[in-house]
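Since the structure is predicted, the reported quantities are computational estimates derived from the model, not experimental observations. So you know, we letter chains A, B, ... as the sequences are listed, proteins then strands, and number each from 1.
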Protein chains: 2
Amino acid sequence: MSEPRSLPLLGGPPPERSDAARNREALLRAATDLVDHCGVEAVTMDAVAAKAGVGKGTVYRRFESREGLMAALLNHSETAWQAAVLSGPPPLGPGAPPMERLLAFGHSRIETNLKHADLITAAGHSGARAYAAMSFAAMHVRYLLTRLGVRGDVPILATSLLAPLEIAILHQQTHIEQIPVDRIQRGWAELVRRVVAAEPSAVMAP
Amino acid sequence: MSEPRSLPLLGGPPPERSDAARNREALLRAATDLVDHCGVEAVTMDAVAAKAGVGKGTVYRRFESREGLMAALLNHSETAWQAAVLSGPPPLGPGAPPMERLLAFGHSRIETNLKHADLITAAGHSGARAYAAMSFAAMHVRYLLTRLGVRGDVPILATSLLAPLEIAILHQQTHIEQIPVDRIQRGWAELVRRVVAAEPSAVMAP
DNA sequence: ATAGAAAGCGGACTGCGGTCCGTTTAGCCT
DNA sequence: AGGCTAAACGGACCGCAGTCCGCTTTCTAT
């Protein structure tokens, strides 16, 4: 008599079969190589499948769509960035006063988004990833705004502060209006200062 | 002896040939019908061409791409909206105090964007149209902010106020976070109030 | 070891956006 | 009228995202 490897109701989703795992790795490596050597546009589903030595159906089984694949590629850097925010060195990570953290957050977010601009665009609004990324950032900004004593509709204010950091806006500003990045960063800092300063009473951090 | 119908260097782009004009109208009507009866996704280039009784190449000659066609469909309502801002009744049009105009602007923009959400999404960042729409709105907001006595980097602040009105953000808020539209509108008003109120001195209108 | 079932696999197939190029037609000039 | 040219036309064609379904592999229970 034996038990199943893991109790079906406990371990969340069932574990991945070994060939599936191997193929997922191969696909991610193939996609990364293609991005690095030929750019994002060269990442066609056929090309990735061929380079990884699997069929096209397999690509779609692992990653729902092309956007899903791009989202998976973004995942590494996104995770690293979230870790830096949650537990990295100040002022981005914990330890600095809330306002400094907030300004560092915007700075860093603008740089990161511009760095991965084409990948983010290609990932589009791929359900899960976009939502996860947005909700993490939104949660953090809500938290900092609250620490700064901001009253009112904090969730909406947080979204409003996040919106100008979206790649669509940044791309418009840098590529079409030719605005230098550091001016955009200073502009965001000014926006934050105004939103927070309009608060009747600012609160000191404990 | 005769002159050319119009001096070549004066009339801007050369006039449209009559068959071209006829076909453009037929294509726009076909596309509008398809949107109204079957939704935006049904607007395939083949379908539009077939319904208008022309070849596919003709569609691409008139409107550069699918996005360009969608942009052309948006053009009517966009133009009407711009006219309402420039010369319609207050508070959206001229006549009301700047702050009231600004709030009316945001209100109206949110409603308009949500109303044409799928068309705007399908139009994507179709070069000309997206840029024209953005730059009109940006110009208007810059003007009103200046009237309100706002100092600092007004162009960046204007873009920052416009960003949360983009369809991507609005869609996230209304469809995924289930936020009611009027709360979004109140939230934007709060944002504006904070940005403007942070100004040391407000200026009275002449 | 082995059999059975579930998960995974692969590549042919479909539909759509976009391009190309040989043919047609409108508008002008004699 | 007749011809000439540039513009417009049309539909065959291409590449890629995404689907489908019959075949293969892995894992587990005996």
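Nearest nucleotide to the A:Lys56 side chain, out of C:dT19, C:dA26, D:dT19: D:dT19. Of the candidates D:dG18, C:dC9, D:dG10, D:dG10 carries the atom nearest the B:Val54 side chain, counting heavy atoms from C-beta on.
Every residue two or more places apart in sequence or in another chain that forms a salt bridge (charged side-chain N to carboxylate O under 4.0 Å, His left out) with B:Glu190 is listed here: B:Arg194. In terms of the side-chain contact (heavy atoms from CB on, under 4.5 Å) criterion, residue partners of A:Ala20 (sequence neighbours excluded) are, by chain and number, A:Glu16, A:Arg17, A:Arg62. Remark: A:Pro180 engages A:Asp182, A:Arg183 in a side-chain contact (heavy atoms from CB on, under 4.5 Å) (not counting sequence neighbours). Looking at residues two or more places apart in sequence or on another chain, you find no side-chain hydrogen bond (donor to acceptor under 3.5 Å, both in side chains) involving A:Asp118.
Judged by distance alone, with hydrogens and angles left aside, B:Arg17 brings a side-chain donor or acceptor within reach of the base of D:dA7, the pair sitting under 3.5 Å.
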Show me the side-chain donor-acceptor pairs of residues 97-110 of chain B shorter than 3.5 Å, one per line, residues at least two apart or across chains.
from	atom 1	to	atom 2	distance (Å)
B:Arg101	NE	B:Leu92	O	3.3
B:Arg101	NE	B:Gly93	O	3.0
B:Arg101	NH2	B:Val85	O	2.9
B:Arg101	NH2	B:Leu92	O	3.4
B:His107	ND1	B:Gln185	NE2	3.4
B:Ser108	OG	B:Trp81	NE1	2.8

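The pair B:Asp153-A:Arg186 does not meet the salt-bridge criterion, since no charged nitrogen lies less than 4.0 angstrom from a carboxylate oxygen.
What separates OH of B:Tyr60 from P of D:dA8 is a distance of 18 Å, to the nearest Å.
B:Arg61 has no side-chain polar atom (N or O) that falls below the 4.0 Å cut-off from OP1 or OP2 of C:dT19. When the side-chain nitrogen and oxygen atoms of B:Arg62 are compared with OP1 and OP2 of D:dA8, one or more of them lie within a distance under 4.0 Å.
For the segment residues 18-52 of chain B, the set of residues with a heavy atom within less than 4.0 Å of an atom of DNA chain D comprises B:Asp19, B:Ala20, B:Asn23, in numerical order.
Within the 4.0 angstrom heavy-atom criterion, only backbone atoms of the sugar-phosphate kind lie near A:Arg66; the bases stay farther away.
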